[in-house]
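Heads up, the thing below is written out as structure tokens.
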2 protein chains.
Amino acid sequence: MKVTIKDIARLAGVSTATVSKIINNKDDSISKDTRDKVIRIMKESNYVPNTIARSLVTKKTKTIGLVIPDIANPFFPELARGAEDKANKEGYNLIICNTDDDTAKEDRYVSMLVEKMVDGIIFTASSERTSDFISLRNTKIPIILVDRDIDLEGINGKITVDNFIGAYEGTRHLIEQGHKDVIFIAGSLKSKTSIDRLNGYKKALQDYSIEFKEENVIEGSYKTEWGYEAVSNLLNKKQNFTALFCANDLIAIGAIKALKENDIKTPQEVAVLGFDDIYISKLVDPQLSTVRQPIYEMGYKSVEILIDILKNKSSKEKDVVLIPELIIRDSTVKE
Amino acid sequence: MKVTIKDIARLAGVSTATVSKIINNKDDSISKDTRDKVIRIMKESNYVPNTIARSLVTKKTKTIGLVIPDIANPFFPELARGAEDKANKEGYNLIICNTDDDTAKEDRYVSMLVEKMVDGIIFTASSERTSDFISLRNTKIPIILVDRDIDLEGINGKITVDNFIGAYEGTRHLIEQGHKDVIFIAGSLKSKTSIDRLNGYKKALQDYSIEFKEENVIEGSYKTEWGYEAVSNLLNKKQNFTALFCANDLIAIGAIKALKENDIKTPQEVAVLGFDDIYISKLVDPQLSTVRQPIYEMGYKSVEILIDILKNKSSKEKDVVLIPELIIRDSTVKE
DNA sequence: TTGAAAGCGCTAACAT
DNA sequence: ATGTTAGCGCTTTCAA
């Protein structure tokens with residue numbers, strides 16, 4: 001049978017209130033004797049407090065919901081790890097939810113999280129999402145947006161990356177390597193994220209007096225397959241290009257693959273630049289130059305801000321924009 | 001203010017018991033009229049039941065703990081996704097815990113999970129672990145071992161892969177490609193997993209009358225860096241080899257990298273075989289031949305068995321051994 | 001320094 | 001067909 005606070009109280013000959021105070025370190029007024037005794041008995045009985053019961057009273061579960069599109073997408077494990085590290089450090093646990101960018105699943109998960117009385121939610125929205133969460137309305141559960149920047153009612157914080165600057169720096173790097181015909185292989189062009197990146201690309205072109213051509217921007221999805229397909233199409237159409245700026249690393253990897261199969265050398269004949277700097281980027285050949293997003297930090301920071309809000313009802317830095325960093329490896333520079 | 005079951009009862013002019021029955025679909029005996037009315041009022045008030053309160057009485061939280069070494073290690077996201085998919089399908093949530101293969105962290109997390117009254121735990125043990133969990137002793141929380149096979153008290157189920165067969169088939173494939181000097185680049189050789197793989201390798205050698213040489217087995221860690229280092233050492237020592245069987249894909253990727261840097265062609269000069277078939281394997285160049293572990297299925301199955309135990313107090317198939325599959329891609333076969 | 005007692009929101013007999 | 005009530009394990013005034 002599970003031992004409860006009552007058992008401990010009985011065994012120690014004290015009240016449950018006393019035991020409770022000791023458990024919660026509110027024992028300023030408890031004599032060392034009783035304290036020691038109670039602690040000893042708790043140890044001896046392998047007592048584990050029931051936080052569910054506690055939560056019912058305190059309205060705090062020390063649990064955070066992490067709602068992301070897909071933990072199997074290489075971008076998110078790092079984000080999740082950052083979030084979990086900070087959460088754990090502060091005594092919180094993380095409930096993980098995979099939405100597959102499906103707003104209906106998003107709604108269902110958020111509702112489940114509300115039922116479970118999580119203290120807060122970290123949320124990466126699908127690009128389809130436009131409305132807030134009904135199940136959240138009657139609560140004061142804070143929600144922090146991470147990665148995807150959308151405008152939503154009742155958001156308590158936002159961690160994003162400056163995609164404009166990232167794309168600008170990336171494009172500039174390519175231009176400085178002597179490239180004039182830079183194709184921008186976009187993922188979906190529906191999200192603010194993608195549009196910011198596209199605008200960064202355009203601005204760099206403009207600053208270097210390179211004409212922007214519509215046909216140099218092609219839109220698909222954020223997947224390896226799209227990178228492969230995009231390059232195949234380009235080649236078929238015999239479109240001119242010496243550099244490829246891919247909206248994420250997965251696309252870049254697919255692009256390089258297509259290039260290879262057509263005996264086109266990276267970076268000697270075509271330079272390829274990615275975005276994100278996922279774990280794999282260092283592992284492919286050639287090693288991928290990319291615009292690094294501080295993914296781990298985004299996860300970590302989002303929980304940090306969330307907890308800050310939990311403690312102080314608000315956070316000074318509720319909207320954090322992290323600056324991406326250009327990582328130059330082998331896929332963009334000729335030796 | 002948060003609306004509770006009492007509010008609904010009051011608004012509908014019924015008792016909380018009635019509302020409770022409706023919430024839980026135990027409404028055989030409730031008239032359609034009251035049912036409809038109560039449901040309408042719940043909707044109108046955006047009522048979300050508080051499962052914490054429910055859990056306190058039912059002793060069920062519909063939550064499962066997933067305790068793994070590191071979600072950022074490319075092996076585990078797939079496992080986690082499989083587990084989460086099945087959990088979600090059954091109405092459960094997953095709490096994720098990263099232990100970094102540290103037994104102290106394992107203990108702490110399991111203790112937290114017990115406090116939170118999870119219904120069960122899915123656990124990938126560090127190779128250091130030998131003892132059971134003290135915090136679990138007074139409970140009947142089932143725990144399922146996944147991936148790492150160790151002998152532990154009070155385990156309710158086990159999902160593993162037949163590493164012996166996997167390594168045997170892998171080695172055989174290499175031998176059949178004409179290789180006699182096959183190096184086995186092991187990760188750590190402390191776990192049952194690794195030892196099984198080593199034995200599979202030995203057995204295949206033996207069955208094909210190839211002498212086993214001690215110096216052909218080298219031990220390190222399950223990381224890219226080790227694969228790189230191992231090959232560098234081999235080359236320095238001018239040791240003879242035409243094939244590398246790596247204990248996981250990460251090692252294989254590191255090995256290929258070292259080979260490339262020394263202008264040794266894979267698979268023409270040296271064949272490289274991995275183990276696991278993580279997502280990245282298809283993305284590297286050459287595409288990695290590997291012994292595929294059904295990672296997603298392992299996660300999925302482990303939750304399936306856990307829930308089976310939760311429902312029926314036991315499961316017919318509590319110890320599942322999945323069979324790995326040889327995936328032949330480009331790193332082992334000359335064209 | 002300690003304890004009594006109310007109550008968190010819900011479920012589950014048991015009545016009616 | 002519906003309601004009464006006890007109680008899950010804990011925290012938290014308030015009193016002693």
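Order of the sequence lines fixes the chain letters, A, B, ..., with proteins taken first and strands second; residue numbering starts at 1 for each chain. Since we're looking at a predicted model, the values are computed, not measured.
Side-chain atoms of B/Ser31 lie closest to D/dT2 of the nucleotides C/dA13, D/dT2, D/dT11. Among the nucleotides D/dT11, C/dT1, D/dT2, the one closest to any side-chain atom of A/Thr58 is D/dT11. Distances from the side chain of A/Thr18 to the nucleotides C/dT2, C/dT11, D/dT11 place C/dT2 closest. When distances are taken from the side chain of A/Ile5 to each of D/dT12, D/dG9, C/dT11, the shortest belongs to D/dG9. Minimum atom distance to the side chain of B/Ser29 is reached by D/dA1, of the listed C/dA12, D/dT11, D/dA1.
Atom-to-atom, NZ of B/Lys116 to P of D/dC8 comes out at 23 Å; the value is rounded to the nearest Å. To the nearest angstrom, P of D/dC14 lies 13 Å from NZ of A/Lys21. Between the P atom of D/dT11 and the NZ atom of A/Lys62 lies a distance of 13 Å, rounded to the nearest Å. As rounded to whole Å, 11 Å separates atom P of D/dC10 from atom CE of A/Met42. Counting to the nearest Å, the P atom of D/dC10 and the CD1 atom of A/Ile22 are 14 Å from each other. If you measure from atom CG of B/Asn24 to atom P of C/dG9, you get 17 Å, rounded to the nearest angstrom. Nucleotide C/dT2 holds its P atom 17 Å from the NZ atom of A/Lys26, rounded to whole Å. Taking atom CG of A/Asn25 as the reference point, atom C1' of D/dT11 lies 14 Å away to the nearest angstrom.
For A/Lys32, no side-chain nitrogen or oxygen approaches OP1 or OP2 of C/dT1 to under 4.0 Å. Considering only side-chain N and O atoms, B/Thr51 lies nowhere under 4.0 angstrom from the phosphate OP1 or OP2 of C/dC10. Listed pair B/Tyr47 / C/dG9 fails the phosphate criterion, with no side-chain N or O lying under 4.0 Å from OP1 or OP2.
In this structure, A/Asp147 and A/Thr160 approach most closely via the heavy-atom pair O-CG2, 3.8 Å. The shortest non-hydrogen separation linking B/Leu152 to B/Ser131 is CD1-O, 3.8 Å. Scanning all heavy atoms of the two residues, the minimum distance from B/Glu317 to B/Ile305 falls at O-CD1, 3.0 Å. Between B/Asp101 and B/Ala125 the shortest heavy-atom distance is OD1-O, 4.3 Å.
The backbone N or O of B/Ile122 sits nowhere less than 3.5 Å from a side-chain atom of B/Ser302 that would complete a donor-acceptor pair.
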Would A/Tyr92 and A/Lys60 count as a side chain to side chain donor-acceptor pair (under 3.5 Å) here? Give the steps.
CA-CA 10 Å; A/Tyr92 286 78; A/Lys60 286 173 186 2; over 6 Å; no

Decide side chain to side chain donor-acceptor pair (under 3.5 Å) for A/Asp308 and A/Ser315; before the verdict, give the C-alpha distance in whole Å, the side-chain angles of both, and the deciding distance to 0.1 Å.
CA-CA 6 Å; A/Asp308 196 20; A/Ser315 174; 2.8 Å; yes

Under 3.5 Å, N/O pairs linking protein and nucleotides 6-8 of chain C:
residue: C/dC8; atom: O3'; partner: A/Lys59; partner atom: NZ; Å: 2.6

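Side-chain to base pairing of B/Lys2 with C/dG9: no donor and acceptor N or O lie closer than 3.5 Å to each other.
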